[in-house]
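Taking it in order: structure first as structure tokens, then the write-up.
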Amino acid sequence: AQSVTQPDIHITVSEGASLELRCNYSYGATPYLFWYVQSPGQGLQLLLKYFSGDTLVQGIKGFEAEFKRSQSSFNLRKPSVHWSDAAEYFCAVVPLKAAGNKLTFGGGTRVLVKP
Amino acid sequence: GAVVSQHPSWVICKSGTSVKIECRSLDFQATTMFWYRQFPKQSLMLMATSNEGSKATYEQGVEKDKFLINHASLTLSTLTVTSAHPEDSSFYICSARPPGLHNEQFFGPGTRLTVL
């Protein structure tokens with residue numbers, strides 16, 4: 001079945017430490033890939049996206065993600081976390097040739113930042 | 001650019017009443033808007049796709065008579081929760097897709113609905 005999986009429900013990281021959030025997808029062809037962040041009670045903000053080309057994608061707020069076709073993964077990273085990075089992070093895909101170009105979201109990873 | 005607003009940001013209503021939520025694209029025209037529902041500590045679930053000038057397309061399991069969607073203009077889509085019940089309490093988020101950007105959506109800030 002086609003799906004997007006975020007294996008980690010919660011991650012706790014110390015401020016200043018590095019962060020990596022995992023995302024795996026299961027689709028016949030590489031879909032369009034996105035990472036969104038949601039602060040409590042807020043809508044979603046796009047961090048970065050991958051459609052094609054360079055597999056290392058730079059986003060806003062110091063985030064980057066690497067697409068690995070062999071692993072069907074699109075993991076999000078940040079070298080040094082700030083307290084303001086505490087939020088919920090969603091990986092999402094738009095399958096190629098999907099009717100209506102609908103986004104499918106992973107289950108989300110909640111990031112807690114320790115001082 | 002690409003700002004999407006929602007109104008209201010939160011609403012509390014009595015069981016049995018109807019509630020309308022507005023989604024507006026402020027600086028672009030959106031032929032397609034999407035409505036999502038998010039339960040606490042869960043992911044977003046697509047409810048329906050709203051196309052300007054035509055009927056909305058609902059996802060499987062979503063009651064179209066319960067969740068009425070009207071996309072009357074290129075900048076406004078509305079979601080009306082009819083005869084709301086406590087189980088309809090949720091966070092409702094809309095998104096809008098600018099023309100020409102077939103794979104990107106811009107999200108509104110969400111509306112928290114509480115049905116007493």
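In what follows, chains are A, B, ... by sequence order, proteins preceding strands, each numbered from 1. Quick caveat: nothing in here was measured; it's all calculated off a predicted structure.
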Handout entry: Verify same cluster id: B:Phe39, B:Leu116 (apolar side-chain graph, 4.5 Å)
Key = no
Problem - Approximate separation, where rounding is to 0.5 Å, of B:Gln42 CD and A:Glu88 CD - result: 10.5 Å
Problem - A:His82 NE2: over 12 foreign heavy atoms closer than 6.0 Å - result: yes
Handout entry: chain B contact via A:Phe105 - which portion, at a heavy-atom distance below 4.5 Å
Key = both
Practice task
Could you list the residues that satisfy salt bridge (charged side-chain N to carboxylate O under 4.0 Å, His left out) with A:Glu15, not counting sequence neighbours?
Solution key: none
Handout entry: From B:Gln105 atom CD to A:Phe34 atom CZ, the distance as rounded to the nearest 0.5 Å
Key = 8.0 Å
Exercise for the section: Kindly work out whether a path of hydrophobic side-chain contacts (I/L/V/M/F/W/Y, heavy atoms less than 4.5 Å apart) joins B:Tyr92 to B:Val4. Expected result: no
Practice task
Hey, could you give me each pair passing salt bridge (charged side-chain N to carboxylate O under 4.0 Å, His left out) that has a residue in residues 63-72 of chain B? Not counting sequence neighbours.
Solution key: B:Lys66-B:Asp88
Handout entry: Among A:Ile9, A:Leu46, A:Leu103, residue most engaged with chain B (heavy-atom pairs, under 4.5 Å)
Key = A:Leu103
Handout entry: Shared hydrophobic cluster for B:Trp35 and B:Leu68 (ILVMFWY, side-chain gaps under 4.5 Å)
Key = no
Problem - Hphob cluster co-occupancy, A:Phe90 + A:Phe51, side-chain heavy atoms under 4.5 angstrom - result: yes
Handout entry: Which portion of B:Gln38 sits near chain A, non-hydrogen atoms under 4.5 angstrom
Key = side chain
Fill in the blank from the handout: Okay, B:Ile93 and chain A: the region with an atom under 4.5 Å from a heavy atom over there is side chain
Fill in the blank from the handout: With chain A, the option among B:Glu59, B:Lys41, B:Arg112 that has the most non-hydrogen atom pairs under 4.5 Å is B:Glu59
Practice task
Check the hydrophobic clustering (I, L, V, M, F, W, Y; side-chain heavy atoms under 4.5 Å; chains of links allowed) and say if B:Phe107 and B:Leu74 are grouped together.
Solution key: no
Exercise for the section: Answer whether the closest heavy-atom distance between the side chains of A:Lys102 and B:Phe34 falls below 4.5 Å. Expected result: yes
Completion exercise
When every non-hydrogen atom of B:Ser43 is compared with those of A:Gly106, the smallest separation belongs to OG-O, 2.6 Å
Exercise for the section: Measure A:Gln45 against the heavy atoms of chain B and call it side chain, backbone, both or neither at under 4.5 Å. Expected result: neither
Exercise for the section: Find out whether B:Phe91 and A:Gln42 are in side-chain contact, i.e. whether some heavy atom of one side chain is under 4.5 Å from a heavy atom of the other. Expected result: no
